[in-house]
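Here is the structure we will look at, set down as C-alpha cells.
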Amino acid sequence: MKHTVSKEQWAAYGFVSPAAIILLLLVTYPLIYGAYISFFNTNLVNKWDFVGIHQYIDIFSNWEFVGKIFLTLKYTFFTVVGHFVLGIILALVLNMDLRGRTFFRAILILPWLLPEVVVGLLWKWLFNPMYGLFNYILMDLHLISDPVSWLGDTYFAFIAVTIVCIWKGYPMVMLLVLAGLQSISQDTYEAAKIDGCNRMQSFRYVTVPGLMPVLLVTLILDTVWWFKHFTMIWILTEGGPGDATNVVSIDIFKQAFQYFDFGKAAAMAVIVFFVCFLIGYVYRRVFSSANE
C-alpha cells in the first residue's frame, strides 16, 4: 500500500528542517571534520601528511596528557560540587514564600548573565597582588602581612580558578532546580502530610524523587560544560603557573594556535568528546540504578 505524506507531515518537516540543517552545519560537520583532521599531521594550509592513528598513540604514550585529563576531572569535580551545593540551597530558599524573593532571584542570577570575559577580568582584578581588593581587605584586617599572588602561586591558583567558576556557574543549577521544585504538585506534599510525613520525610520521599530527572539533566550539562571549559581559565591564568591550571582545553588551544599542530589538537579534542560521552553514560546508569 502506497504511503502518502499529508500536508500536516510536510509542515512538520518544514518546521524541523531549519533546526536540523543548523545542527548539521554547526555541530555534526565540525565533529566529523575534526575527527578527519586527527588522522593527519597538518597545519591546515599546505601540510597534510596522513599518519593514521599515530596521533592517538603519541597522546596516550605521553603521561603528561593523561595527567591533564585527571587535573581537568579534579577541577570539574570541585566546580560541579560547588554549583550543586550553592544552587540547591539557594533554590530551596527561593522556593519558600519569602518577602522580596523575586528581587533576590534577579540578583542571584547575575553571575550567569554576565559575559565570561567580563567575569574573568573582574576576578583577575580582585585577585591582583598589587592593587587587588582581596589583598587590601585581608591586610587591613591583619590576616596577612604581605600581598598574596593568588593567581601566580601553584597552590592558590587552582583554588582561585575553581572559586571563580563556582561563582559563575551556580545560577544555572539554581534555576533548573527551582523550576523542578515548582513543578512538583502541592497535592503530593499534602498527601505525604496526611500519611504522617514530617518535613524531612517529605523532602526524602517527595522532593528528591521529583527532582531526579532535573538533577540528572543538570548534572550532565554542568559536568560536560565545565570539563571542556576554556574562557575563564585562559583569562585568569592561561594555564599557569606551570601546569597548575593547565586543563585539557587549554592544552588543546596551545597545540592548535601556538604550536600549529592541528592534527594533534584535533585528536585530543576527539578524546575529550569520548570522555564527555562516557561521563554522561555513567551518570545515566548510576541514576537509573538508584531509581530502581
Side-chain angles (χ1 to χ4, degrees), residues 75-127 132-134 136-138 140-141 143 159-227 229 231-232 236 283 286-287 290-291:
Y75 151 77
T76 306
F77 172 78
F78 285 112
T79 301
V80 172
V81 168
H83 289 168
F84 271 76
V85 170
L86 270 178
I88 291 175
I89 291 173
L90 291 173
L92 290 171
V93 173
L94 292 176
N95 193 48
M96 298 176 183
D97 189 15
L98 300 175
R99 189 175 181 180
R101 62 180 180 177
T102 304
F103 170 76
F104 287 107
R105 287 177 185 176
I107 294 297
L108 291 171
I109 201 178
L110 283 178
W112 196 34
L113 298 178
L114 293 172
E116 292 181 352
V117 175
V118 174
V119 172
L121 293 174
L122 172 65
W123 281 86
K124 192 171 185 178
W125 172 75
L126 293 172
F127 283 127
L133 185 62
F134 291 148
Y136 174 79
I137 293 174
L138 292 174
D140 192 52
L141 295 173
L143 296 176
I159 299 173
V161 166
T162 305
I163 290 172
V164 175
C165 292
I166 290 173
W167 184 83
K168 169 63 178 170
Y170 82 84
M172 187 193 79
V173 177
M174 181 188 73
L175 281 178
L176 291 175
V177 173
L178 181 60
L181 287 170
Q182 294 181 344
S183 68
I184 301 174
S185 174
Q186 291 299 318
D187 296 337
T188 311
Y189 287 106
E190 291 295 331
K193 188 175 181 181
I194 292 171
D195 289 338
C197 290
N198 56 32
R199 284 182 176 272
M200 289 301 299
Q201 290 172 326
S202 295
F203 181 80
R204 167 67 180 85
Y205 295 106
V206 178
T207 305
V208 173
L211 283 177
M212 274 297 178
V214 174
L215 290 176
L216 175 59
V217 173
T218 306
L219 185 60
I220 293 174
L221 290 175
D222 202 46
T223 303
V224 170
W225 174 258
W226 291 98
F227 183 86
H229 194 71
T231 310
M232 207 84 67
L236 290 170
Y283 280 160
V286 170
F287 271 72
N291 289 331

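Remember, predicted model here, so these are calculated numbers, not experimental data.
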Which atom of [X] lies closest to which atom of [Y], heavy atoms considered:
{"X": "Ile184", "Y": "Thr207", "answer": "CD1-O, 3.8 Å"}
{"X": "Leu94", "Y": "Phe104", "answer": "CD2-CB, 4.0 Å"}
{"X": "Asn95", "Y": "Arg101", "answer": "O-NH1, 3.6 Å"}
{"X": "Ile88", "Y": "Leu215", "answer": "CD1-CD2, 4.3 Å"}
{"X": "Ile109", "Y": "Met174", "answer": "N-CE, 4.3 Å"}
{"X": "Cys165", "Y": "Thr79", "answer": "CB-CG2, 3.9 Å"}

Working to the nearest 0.5 angstrom, can you tell me the gap between [X] [atom1] and [Y] [atom2]?
{"X": "Trp125", "Y": "Phe134", "atom1": "CH2", "atom2": "CZ", "value": "9.0 Å"}
{"X": "Leu219", "Y": "His83", "atom1": "CG", "atom2": "NE2", "value": "12.0 Å"}
{"X": "Asp222", "Y": "Ile220", "atom1": "CG", "atom2": "CD1", "value": "11.5 Å"}
{"X": "Leu221", "Y": "Leu216", "atom1": "CG", "atom2": "CG", "value": "9.0 Å"}
{"X": "Trp226", "Y": "Ile166", "atom1": "CH2", "atom2": "CD1", "value": "9.5 Å"}
{"X": "Asn198", "Y": "Phe203", "atom1": "CG", "atom2": "CZ", "value": "12.5 Å"}

- Please test Phe103 against Ile107 for side chain to side chain contact (heavy atoms under 4.5 Å, CB included), starting from the C-alpha separation and ending with a verdict. CA-CA 6 Å; Phe103 170 76; Ile107 294 297; 3.7 Å; yes
- Query: Given the rule in the side chain to side chain contact (heavy atoms under 4.5 Å, CB included) test, do Tyr170 and Val85 qualify, once you have shown the distances and angles that lead to the verdict?
  - Reply: CA-CA 9 Å; Tyr170 82 84; Val85 170; over 6 Å; no
- Derivation of the side chain to side chain contact (heavy atoms under 4.5 Å, CB included) call for Leu86 and Val173: CA-CA 8 Å; Leu86 270 178; Val173 177; over 6 Å; no
Determine whether [X] and [Y] make a side-chain contact, defined as any pair of heavy atoms from C-beta on separated by less than 4.5 Å.
{"X": "Trp123", "Y": "Leu126", "value": "yes"}
{"X": "Ile159", "Y": "Phe78", "value": "no"}
{"X": "Leu236", "Y": "Val164", "value": "yes"}
{"X": "Leu178", "Y": "Arg105", "value": "yes"}
{"X": "Phe84", "Y": "Val80", "value": "yes"}
{"X": "Lys168", "Y": "Glu116", "value": "yes"}

- Item | Evaluation steps, side chain to side chain contact (heavy atoms under 4.5 Å, CB included), between Leu175 and Trp112 | CA-CA 10 Å; Leu175 281 178; Trp112 196 34; 3.4 Å; yes
- Item | Trp225 atom CH2: more than 12 heavy-atom contacts under 6.0 Å | no
